[in-house]
Amino acid sequence: MPENNDYSLFDKSTQALVYGFQANAAQRMLDFDYACRRETPSVAAIINPTRSGLHKCFWGTEEIFISMYRTPAEAIADHPQADVFINFASFRSAYATSLEALEAETIRTVAIIAEGIPERDARRLAAVAKKKHKWIIGPATVGGIAAGAFKIGNTGGTLENIIESKLHRTGSVAYVSKSGGMSNEINNIISRSSDGVYEGIAIGGDLYPGSTYIDHVMRFEHNPDIKIIVILGEIGGTDEYTVVDALREGRITKPVVAWNIGSCSKIFPAEIQFGHAGARAGSARERAELKNKAFKDAGAIVPTSFDDFGDKIKDVYDSLVKSGIIVPRPEPQTPTVPQNYDMALRAGTIRRSTNFVCTISDERGEELKYCGVPISSIVEQDYGIGGVIGLLWFKRKLPGWATRFLEMVLEITADHGPAVSGAHNAIVAARAAKDLVSALTSGLLTIGPRFGGAINDAALLFTKYCDEGRPPESLVNDMKTAGRNIPGIGHRIKSVTNPDKRVEILNGYAKANFPLTPYLDYALAVEKITTSKRDNLILNVDGCVGTLCCDLFRGIGFNKDEVREFVELEALNALFVIGRSIGFVGHILDQRRLKQGLYRHPYDDILYKIQDAL
């Protein structure tokens with residue numbers, strides 16, 4: 001047993017460093033802390049060899065950050081108050097990391113979770129711990145728990161199980177076991193048979209554990225708060241006999257309830273092994289029934305089977321209460337158990353209002369869906385970009401004539417040369433060595449009432465007058481009286497005698513394929529009036545696109561109000577944005593490919609009109 005006068009390994013202020021990014025285990029420790037009403041988290045830091053920084057987790061119902069480090073040395077240096085090292089490293093690296101922790105002055109207890117550590121390494125670690133008067137729990141362990149104070153990793157299971165087994169407050173019974181898997185069962189038995197667990201340790205199932213039964217039993221013996229000692233041994237090994245010897249010699253004065261699992265092994269003729277590497281009986285002395293007999297002969301209370309293990313604990317507990325050695329304490333109020341939202345949602349035990357609503361796409365299943373259509377079907381059935389716009393914008397599978405028209409609009413609006421404001425801005429930003437997204441954004445920010453926005457404005461104007469049944473002359477006169485240009489009408493170069501090919505193509509396609517074109521017809525009637533005044537006041541590409549998009553909406557089943565709503569939502573401006581983005585990106589790539597330098601506007605293109613200051 002390590003020479004340490006302090007018989008308690010853990011208390012309500014104990015903090016640990018957790019090696020390995022075991023988020024669930026760390027959260028379970030914090031949930032236990034909350035249930036125990038600790039003032040400080042038991043997890044001081046996490047050591048994650050692949051990433052440092054901060055790990056977000058819950059402290060009750062609030063979120064907190066736990067620091068993460070790449071190396072044990074960094075975590076140990078920054079958290080000298082942490083004296084427990086919980087090692088979730090694999091059996092390949094557990095030796096090196098555990099040895100580093102044992103060599104650290106501030107670390108007192110190392111819990112090694114991994115099983116399968118080479119026996120030579122396990123014995124070396126045990127020797128180092130003994131020399132330095134430190135403690136090892138494991139290898140091959142779930143850990144241990146000090147009820148109401150501190151627990152190692154996943155010991156005790158879920159928070160619901162912790163509360164059910166009354167581990168959130170201190171009892172009078174301490175146990176030591178090889179099996180971590182049996183710990184939950186022992187916790188449950190003790191909670192039902194007494195005032196509960198004070199401390200429980202699973203020393204681990206490997207052949208050479210870092211600490212043994214007698215090490216912990218003697219701690220329990222010297223702890224005045226522990227009144228009953230429980231031992232759960234098993235087939236294999238002879239460590240239990242050291243406790244038997246201590247009982248015979250009178251070094252253990254507290255009542256001991258002991259049982260060794262595996263008494264059925266006597267029916268097998270050959271050597272038998274149960275589960276753990278150390279649970280192997282190679283001689284009669286290592287068999288469970290002989291260990292149970294030895295305990296009974298030495299004065300321990302030994303049940304006839306595991307089934308009445310709890311009954312024996314209860315008998316001892318009741319007698320100590322009757323004699324006044326144990327004074328039952330009132331049960332504290334059971335803490336409210338916070339439940340993780342994800343778990344509660346899966347269990348169907350909660351509901352909450354959502355903050356976001358999405359009616360166009362869903363990525364939650366095995367395959368992304370656009371408006372209910374799997375992405376694979378969209379590709380396989382050749383929806384095209386027009387079909388995707390139909391699903392994501394209009395929530396409809398568009399007919400072929402509609403998807404082709406949308407793609408024609410994107411083709412026509414993709415670019416209009418380097419001189420327009422949007423392309424100019426994108427080029428200047430690219431030449432200033434801005435990244436592609438920034439340069440593209442610079443160009444897009446120029447889109448508005450004077451550049452691109454005319455599509456939306458024209459659609460609003462023509463649909464309003466058309467739907468209200470007002471004659472084209474009324475629109476022209478109203479705009480003249482207001483002193484405003486008609487959006488979608490007029491071109492700097494094109495005219496009646498020199499028509500815009502883009503407008504001719506779109507008009508021709510619509511007349512041949514659209515079910516109806518009331519808004520285009522209305523716009524063309526306005527054009528007849530305006531071109532009678534000046535031949536360049538033609539329906540331009542913005543006006544043509546705007547009115548035909550509204551005709552498309554009508555053609556796929558939208559009523560007048562729905563058409564107007566989409567226009568007011570700026571859906572048509574969005575179509576221009578997508579189309580023109582293609583051209584902007586082309587100009588940006590062109591400038592970079594040509595390795596053009598920083599642009600500076602020439603002096604001779606600027607009118608300098610400076611007045612002297614008075």
Asker: Taking the side chain as every heavy atom from C-beta outward, state whether Phe150 and Asp33 have any pair of such atoms under 4.5 Å apart.
Answerer: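 No; the side chains remain at least 4.5 Å from each other.
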Asker: Inspect the surroundings of CZ in Arg70 and state if more than 12 heavy atoms from other residues, nucleotides or ligands are less than 6.0 Å away.
Answerer: yes
Asker: Answer with yes or no after comparing the ring centroid distance for Tyr34 and Phe58 against a 6.0 Å cut-off, counting only values under it.
Answerer: no
Asker: In this structure, are over 12 heavy atoms from other groups packed under 6.0 Å from Phe356 atom CZ?
Answerer: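 Result for CZ/Phe356: open.
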Asker: So, Thr517 versus Asp551: side-chain donor-acceptor pair below 3.5 Å or not?
Answerer: no
Asker: Taking the side chain as every heavy atom from C-beta outward, state whether Leu368 and Pro374 have any atom pair closer than 4.5 Å.
Answerer: no
Asker: Excluding sequence neighbours, so at least two apart, what forms ring-ring contact (aromatic ring centres under 6.0 Å, His included) with His55?
Answerer: Phe21
Asker: Just verifying a value: how many Å separate Ile162 CD1 and His168 NE2, rounded to the nearest 0.5 Å?
Answerer: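 So the gap between those two atoms works out to 10.0 Å.
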Asker: Enumerate donor-acceptor pairs with a distance under 3.5 Å from any side-chain N or O in residues 388-396 to protein atoms, sequence neighbours excluded.
Answerer:
unit_1: Lys395; atom_1: NZ; unit_2: Thr359; atom_2: OG1; d: 3.2
unit_1: Arg396; atom_1: NH1; unit_2: Ile556; atom_2: O; d: 2.7

Asker: Could you go through Phe451 and Phe576, starting from their C-alpha distance and side-chain angles, then the distance that decides it, and tell me whether this counts as ring-ring contact (aromatic ring centres under 6.0 Å, His included)?
Answerer: CA-CA 10 Å; Phe451 176 53; Phe576 182 81; 5.6 Å; yes
Asker: Flag the pair Arg470 and Asp478 as a salt bridge only when some basic side-chain nitrogen lies within less than 4.0 angstrom of an acidic carboxylate oxygen.
Answerer: yes
Asker: Got a second to check how far Tyr603's OH is from Arg600's CZ, nearest 0.5 Å?
Answerer: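 So the OH of Tyr603 and the CZ of Arg600 are separated by 4.0 Å.
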Asker: I would like to know whether Leu589 and Leu436 meet side-chain contact (heavy atoms from CB on, under 4.5 Å); could you show each step before the answer?
Answerer: CA-CA 8 Å; Leu589 298 178; Leu436 187 142; 3.9 Å; yes
Asker: Which pairs, with at least one residue in residues 400-419 and sequence neighbours excluded, count as a side chain to side chain donor-acceptor pair (under 3.5 Å)?
Answerer: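 Found Arg404-Glu411, Asp415-His587.
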Asker: Tell me the side chain to side chain donor-acceptor pair (under 3.5 Å) pairs involving residues 420-431, sequence neighbours left out?
Answerer: none
Asker: Given side chains that start at C-beta, do those of Phe514 and Arg554 come closer than 4.5 Å, heavy atoms only?
Answerer: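 Of all side-chain heavy-atom pairs linking Arg554 with Phe514, none is under 4.5 Å.
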Asker: Are the side chains of Leu552 and Leu406 in contact, using a 4.5 Å heavy-atom criterion?
Answerer: yes
Asker: Could you tell me whether Arg51 sits above the aromatic face of Tyr69, with NZ or CZ closer than 6.0 angstrom to the six-membered ring centre and within 45 degrees of the axis?
Answerer: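 Negative - Arg51 is either too far from the ring of Tyr69 or too far off its axis.
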Asker: Sort and list the pairs that fulfil side chain to side chain donor-acceptor pair (under 3.5 Å) and have at least one residue in residues 17-27, not counting sequence neighbours.
Answerer: Gln27-Asp31
Asker: Just verifying a value: how many Å separate Glu527 CD and Leu520 CG, rounded to the nearest 0.5 Å?
Answerer: 9.5 Å
Asker: Only pairs at least two apart or in different chains count here, so list each salt bridge (Lys or Arg N to Asp or Glu O under 4.0 Å) that has a residue in residues 434-453.
Answerer: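 Salt bridge (Lys or Arg N to Asp or Glu O under 4.0 Å) check on residues 434-453 returns no pairs.
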Asker: In terms of ring plane angle, is the pair Phe553 and Phe566 parallel, tilted or perpendicular, where the classes change at 30° and 60°?
Answerer: tilted
Asker: Within a reach of under 6.0 Å around CD of Glu63, are more than 12 heavy atoms found that belong to other residues, nucleotides or ligands?
Answerer: yes
Asker: For the residue pair Gln15 / Thr40, report whether a side-chain donor-acceptor contact shorter than 3.5 Å exists.
Answerer: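 The criterion, which ignores hydrogens and geometry beyond distance, is not satisfied for Gln15 and Thr40.
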Asker: Counting only heavy atoms not in Glu164, do more than 12 fall under 6.0 Å of its CD?
Answerer: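 At most 12 heavy atoms, drawn from other residues, nucleotides or ligands, come within 6.0 Å of this atom.
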Asker: Please determine whether the number of non-hydrogen atoms from other residues, nucleotides or ligands lying under 6.0 Å from atom CZ of Arg534 exceeds 12.
Answerer: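 Open.
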Asker: Does a side chain donor of either Asp467 or Tyr519 reach within less than 3.5 Å of an acceptor in the other side chain?
Answerer: yes
Asker: Nearest 0.5 angstrom please: Cys544 SG to Asp500 CG, how far?
Answerer: 8.5 Å
Asker: Considering only heavy atoms from C-beta outward, does the side chain of Ile489 approach that of Leu539 to under 4.5 Å?
Answerer: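 The answer is yes; the side chains approach within 4.5 Å.
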